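One structure is given below, encoded as structure tokens.
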Amino acid sequence: MYKVVKNAEEALRDIQDDMTIMLGGFGLCGIPENSIGELVRKGTKRLTCISNNAGVDGFGLGLLLETKQIKKMISSYVGENDEFERQMLSGELEVDLIPQGSLAERCRAGGAGIPAFYTPAGFGTEIAEGKEVRIYNGKPHILEEALTADFAIVKAWKGDTAGNLVYKAAARNFNPLMAMAGKITIAEVEELLPAGSLDPNEIHTPGIFVQRIFQGKKFEKRIEQRTVRKRD
Amino acid sequence: MYKVVKNAEEALRDIQDDMTIMLGGFGLCGIPENSIGELVRKGTKRLTCISNNAGVDGFGLGLLLETKQIKKMISSYVGENDEFERQMLSGELEVDLIPQGSLAERCRAGGAGIPAFYTPAGFGTEIAEGKEVRIYNGKPHILEEALTADFAIVKAWKGDTAGNLVYKAAARNFNPLMAMAGKITIAEVEELLPAGSLDPNEIHTPGIFVQRIFQGKKFEKRIEQRTVRKRD
Amino acid sequence: MALDKIGIAKRIAQELQNGWYVNLGIGIPTLVANYIPSGIEVEFQSENGVLGMGPFPFDGEEDADLINAGKQTITTLPGAAFFDSATSFAMIRGQHVQLTVLGAMEVSQNGDIANWKIPGKMVKGMGGAMDLVASADNIIVAMMHSNKAGESKLLINCSLPLTGVACVKKVVTELAVLSIIDGAFHLIERAPGVSVEEIIAKTEGRLIVPEFVPEMQL
Amino acid sequence: MALDKIGIAKRIAQELQNGWYVNLGIGIPTLVANYIPSGIEVEFQSENGVLGMGPFPFDGEEDADLINAGKQTITTLPGAAFFDSATSFAMIRGQHVQLTVLGAMEVSQNGDIANWKIPGKMVKGMGGAMDLVASADNIIVAMMHSNKAGESKLLINCSLPLTGVACVKKVVTELAVLSIIDGAFHLIERAPGVSVEEIIAKTEGRLIVPEFVPEMQL
């Protein structure tokens, strides 16, 4: 299974206006930087983006907000971002906020062929409005439906030509779940290896979930909150 | 988090008659051999066992069938086992058969606080009798509920003192899912290492799911279907 | 002449397309892996948690921890991956597997399949079969056209407890290749030397026979 | 004298029990990690996918791939594990985390909590807060007793949009430790030198005051 494409341009060649795209990452950690850059270059419009966060001004999905390519954000936490705030308050940008655990589970469900599940998260809040409530174990739960996307774009540390992926540390986050939920899943990796280089025991995303893979040209890996301690 | 116990006896000390126990493994692959041996020694009675299979005559859960310690089996595939067949046909043994994917997902759901989910598996069959049906994406799905257990007993390849587990090859199977779903989860491992020995990127079951861990005394690892090819 | 098991496997192997992930059931379906057409690359998924299955190990190299869903010792190919059973059925239920090949006791003209239980006999369980048939978009059944009593296994309605409903798309038997469309078996090909009449005689369910029925090319 | 933020964190740290897994929210809750009582071993879970969080890295050793849920660079301790977000919330929803500490804008006498949205202001989202409060058996809120306008944050009913319903078990403020039981705040301890009268005056919700209210021991 040879899934390698040359670069972001080839990987994203058929992403079109009005599509729904999942993008892995938590904050700026583990985001598909090269693919976001390519979306900016392509100028694809009116995208619905499913991503836990919306980047910051000038980086990550913030870049796509600046160029107004995003019609709707589906996220759990947004707004480290002035441009986001401006567009949201002006009504230019639709925003659908989802509890983080429900967002993760809804992506996994989408990839796993589970169309809906019950979760306690959000019961009694505005998130539950219009949703079915059912009591399990004496506790109210709401029904949440699966999420899928035309394209899922994920970022991994290492990948092989068969599409198997390994993530590093906390850069894993939503990436494996979104990889499952894309009709087409694109992986950009820091290091692309021949099939057989990765230990089959250590693979986080089996290649079956990945349709295209490429080695990213450059990873800036910006840090959002640099917190350090002094050496003694 | 030091979770090490001395042996199977200490690990299983408070498993009592009439409890529900999950046991990892697929066929004879990845089963907690040492703990099964200890259950036989203890003579705990009227157990409800959740396990994909029921062992074979003289090995795996077959040992607990011989001693008639099992009241009920919840499995997807059984009966490589004459004693099982005899007890089932005579009505001594209750058997609840569940599609394999639903069994796996129900264990995961139990561990993940998802009380119920919809799946297409089993719609239109006797498995769906009495279960709610709902159409998603034009296709009927049935509602399945989570499974949990008083104890989950899993077998891993390597483990550390903090309860982190790594499985080998196809011996992973149901083990990580059941590890999530036990009120108390016991892991028996081939190799027990100090915390910090395992790469945090490569852990299959994070220690939070495991309450007790011990190094198994002996792993026989019987092969159920030895299939080989000739050397050229 | 009616095909043997290998013939059925060879014919099914012709259905494989490049880049597909394939789940093969126990029995005839397993044999399909031996007849992959040249130029076609597929990867085999085993529902116990293996992607990239290779051939059986050399004698003496069996690993008890490395088996397929039939509990047989196997090997893996470069690019293989191991995963847990929930992830495995996520692949299946989520339709990431492009083809499922499995055996059956009965198939009905609307695509129902029965392959797990015979009332009054010891029930071994459905294993992963119910998940596979309920989820896969593309299911091929590999089976004999008739049972040991000589009765057709391609029926109007299944008589045995069902494994899945309206899910089988294609059946390959020792006599024929048949598609299931709109509540009928459509005769696509016949085994070399097998007459259309024999197929008609041995098919209980509604059978649509085109004017010309080509022979299988094996 | 009312506690400062560190005092609140220290008091909450006294609630920790050996062997607990703990999720700490942003702000005061984060500080709790600095005051773990001696002899107590706990492990910190961060909902973005880290178990076994350690202190901030030394200057120059930050790793962009290793952050906590507050997006701060962190380190890990021996025995740490990384996992995806679905597994992370499986830990939370499945009640494998024994204690959740988080901040709040308002808490009501029946344990409702509001901490994610102020109508008319920019909404940043709930992040993992709704999952955490709906799932955890043991939730401690760390917050100031009153808001900046001097109004009580311990209310009969929350006025802001809720994050969760009937979930908060304990509140630690700069003035007091309060349990929430049967629709009322129960005053458990007061900050050193703080009078019961002050706490009564600053608590809008129903407050049960026992005859003797001990001072916190910090």
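Every chain is numbered from 1 and lettered A, B, ... according to where its sequence line falls, protein lines coming before strand lines. Remember, predicted model here, so these are calculated numbers, not experimental data.
- When heavy atoms are compared at a cutoff of 4.5 Å, I127(A) approaches chain D solely by way of its side chain, counted from C-beta outward.
- In summary, the side chains of E144(A) and T119(A) do not present any donor paired with an acceptor at a separation below 3.5 Å, with no hydrogens or angles considered.
- Counting heavy-atom pairs closer than 4.5 Å to chain A, the top residue among P161(D), P57(D), C167(D) is P57(D).
- Ring geometry, Y136(A) versus H141(A): the interplanar angle exceeds 60°, so the pair is classed perpendicular (tilted spans 30 to 60°).
- Proximity to chain D (any heavy atom under 4.5 Å) is shown, for N81(A), by neither the backbone nor the side chain.
- No donor-acceptor contact under 3.5 angstrom links the side chains of T100(D) and N23(D), judged on distance only.
- Listed options D63(D), I74(D), I92(D) were ranked by heavy-atom pairs under 4.5 angstrom with chain A; first place goes to D63(D).
- Contact annotation for F84(A): only side-chain heavy atoms (C-beta onward) come within less than 4.5 Å of a heavy atom of chain D.
- K117(D) is not listed as a side-chain neighbour of L160(D), based on a closest heavy-atom distance of 4.5 Å or more.
- Side-chain atoms of L218(D) and L3(D), non-hydrogen and from C-beta on, do get closer than 4.5 Å to each other.
- Heavy-atom pairs under 4.5 Å with chain A were tallied for V123(D), V50(D), V133(D); the largest tally goes to V123(D).
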- Item | Q100(A) vs D131(D), side chain to side chain donor-acceptor pair (under 3.5 Å): CA-CA, chis, key distance, verdict | CA-CA 7 Å; Q100(A) 193 175 321; D131(D) 306 271; over 6 Å; no
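- If you measure heavy-atom distances from K230(A) to chain D, the contacts under 4.5 Å come from the backbone alone.
- Expressed to the nearest 0.5 Å, how far CZ of F151(A) lies from NZ of K183(A) amounts to 9.5 Å.
- Only the side chain of F89(D) comes within contact range of chain A, with at least one heavy atom under 4.5 Å from a heavy atom of that chain.
- Between chain D and the residues S102(A), A128(A), C107(A), the largest count of heavy-atom pairs under 4.5 Å involves S102(A).
- Most heavy-atom pairs under 4.5 Å with chain A, from the set S88(D), A69(D), G49(D): that is A69(D).
- Listed options F26(A), F174(A), W157(A) were ranked by heavy-atom pairs under 4.5 angstrom with chain D; first place goes to F26(A).
- Remark: T205(A) OG1 to M178(A) CE distance equals 12.5 Å, nearest 0.5 Å.
- The candidate with the highest count of non-hydrogen atom pairs below 4.5 Å against chain A, out of Q72(D), E62(D), K124(D), is K124(D).
- Ranked by non-hydrogen atom pairs under 4.5 Å with chain A, the options M122(D), E61(D), E47(D), K71(D) are led by K71(D).
- With values rounded to the nearest 0.5 angstrom, I74(A) atom CD1 is found 12.0 Å from I21(A) atom CD1.
- Contacts between T163(D) and chain A at a heavy-atom distance below 4.5 Å involve the backbone alone (N, CA, C, O).
- The shortest side-chain heavy-atom distance between L154(D) and T173(D) falls under the 4.5 Å cut-off.
- Interface check for chain D: of the options R108(A), E126(A), R222(A), the most heavy-atom pairs under 4.5 Å are formed by E126(A).
- Side-chain contact between L23(A) and I31(A): absent, with no pair of heavy atoms (C-beta onward) separated by less than 4.5 Å.
- Contacts between E190(A) and chain D at a heavy-atom distance below 4.5 Å involve the side chain alone, from C-beta outward.
- At a 4.5 Å heavy-atom cutoff, the contact between N68(D) and chain A is made by backbone atoms alone.
- For the set L97(A), V228(A), T227(A), the entry with the most heavy-atom pairs within less than 4.5 Å of chain D is T227(A).
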